[in-house]
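Just so it is clear, the model here is predicted, and its values are computed rather than measured. Counting starts at 1 for both ligands and their atoms, following the listed order.
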Amino acid sequence: MPQDPLIEAAFAVRKNALARFSKFLVGAALEDQAGRLHTGCNVENATYGLTICAERVAVFKAISEGARSFKRIAVAADTEVLTPPCGACRQILWEMCGDIEVLLTNLRGKTESVRLRDLLPRPFDASFL
Ligand code: THU
């Protein structure tokens, strides 16, 4: 069955995850308005707290490449209950991408589409400043 290229990209980059402490590998793929895909994996470090999630790596890579508006993001992990973005990633996604579609997916072929608005109700953002 042909797979969504965004989901394929999230699975592919998940293999690059540097998750030697948690062993929890995550891949993210972010599609910009021009149709370009920006990928990220989680990168852990020995102090734990400086770990960065796959979603934020994808967002920051995309911003750094000049992308400014986005359509959707896919998040791939190997959990039965689909892994959603953490709170910090929801905040960054909201501020950089707005109410995008978030595709949650696992290695067993389960996929669910949610809106970021539903993952982050009543968000704080620059409109308050
Ligand atoms: N992680 C992500 O990369 N994205 C998520 O959506 C959930 C958590 C990472 C952070 C850490 O490296 C590992 O998964 C365990 O929390």
Report, one line per pair, each donor and acceptor closer than 3.5 Å where one atom sits in a side chain of residues 117-129; sequence neighbours left out.
{"residue": "Asp125", "atom": "OD1", "partner": "Ser127", "partner atom": "N", "Å": "3.0"}
{"residue": "Asp125", "atom": "OD1", "partner": "Ser127", "partner atom": "OG", "Å": "2.5"}
{"residue": "Asp125", "atom": "OD2", "partner": "Trp94", "partner atom": "NE1", "Å": "2.7"}

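Counting heavy atoms closer than 4.0 Å to ligand 1, residue Pro85 contributes backbone atoms (N, CA, C, O) but none from C-beta onward.
Geometrically, ligand 1 and Glu55 share a nitrogen or oxygen pair separated by less than 3.5 Å.
Scanning all protein heavy atoms for the shortest distance to atom 15 (C) of ligand 1 gives Ser22 OG, 3.7 Å. From the protein, the heavy atom lying nearest to atom 9 (C) of ligand 1 is Asn42 ND2, 3.4 Å. At the shortest separation from atom 7 (C) of ligand 1 among protein heavy atoms lies Thr83 CG2, 4.0 Å. Among protein heavy atoms, atom 16 (O) of ligand 1 sits closest to Phe24 CD2, 4.7 Å. The protein heavy-atom contact nearest to atom 3 (O) of ligand 1 is Ala54 N, 2.9 Å.
Near Val26, the atoms of ligand 1 lying under 4.0 angstrom from a non-hydrogen atom of the residue are 1 (N), 2 (C), 3 (O), 4 (N), 14 (O). Atoms of ligand 1 found under 4.0 Å from any heavy atom of Pro84 (numbered from 1 in listed order, with element): 6 (O). Those atoms of ligand 1 with a heavy atom of Cys53 less than 4.0 angstrom away are 1 (N), 2 (C), 3 (O), 4 (N), 10 (C).
Of the options Lys23, Glu44, Arg56, the smallest heavy-atom separation from atom 13 (C) of ligand 1 is shown by Glu44.
Once rounded to the nearest 0.5 Å, the distance linking OG1 of Thr51 with CZ of Phe24 reads 13.0 Å.
Contact of the Leu18 side chain with the Glu44 side chain is not registered, since no non-hydrogen atoms from C-beta on lie closer than 4.5 Å.
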Quiz item: Passes side-chain contact (heavy atoms from CB on, under 4.5 Å), Arg14 versus Asp78? Steps please.
Solution: CA-CA 10 Å; Arg14 179 179 173 275; Asp78 187 22; 3.3 Å; yes

Practice problem: Decide yes or no on side-chain contact (heavy atoms from CB on, under 4.5 Å) for Ile63 and Phe70, but give the supporting numbers first. | Solution: CA-CA 10 Å; Ile63 297 286; Phe70 303 96; 4.3 Å; yes

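A chain of hydrophobic side-chain contacts below 4.5 Å, direct or via other Ile, Leu, Val, Met, Phe, Trp or Tyr residues, connects Val57 to Leu30.
With a 6.0 Å radius and a threshold of 12 heavy atoms from other residues, nucleotides or ligands, Arg108 has its CZ atom above the threshold.
The backbone N or O of Leu82 sits nowhere less than 3.5 Å from a side-chain atom of Lys110 that would complete a donor-acceptor pair.
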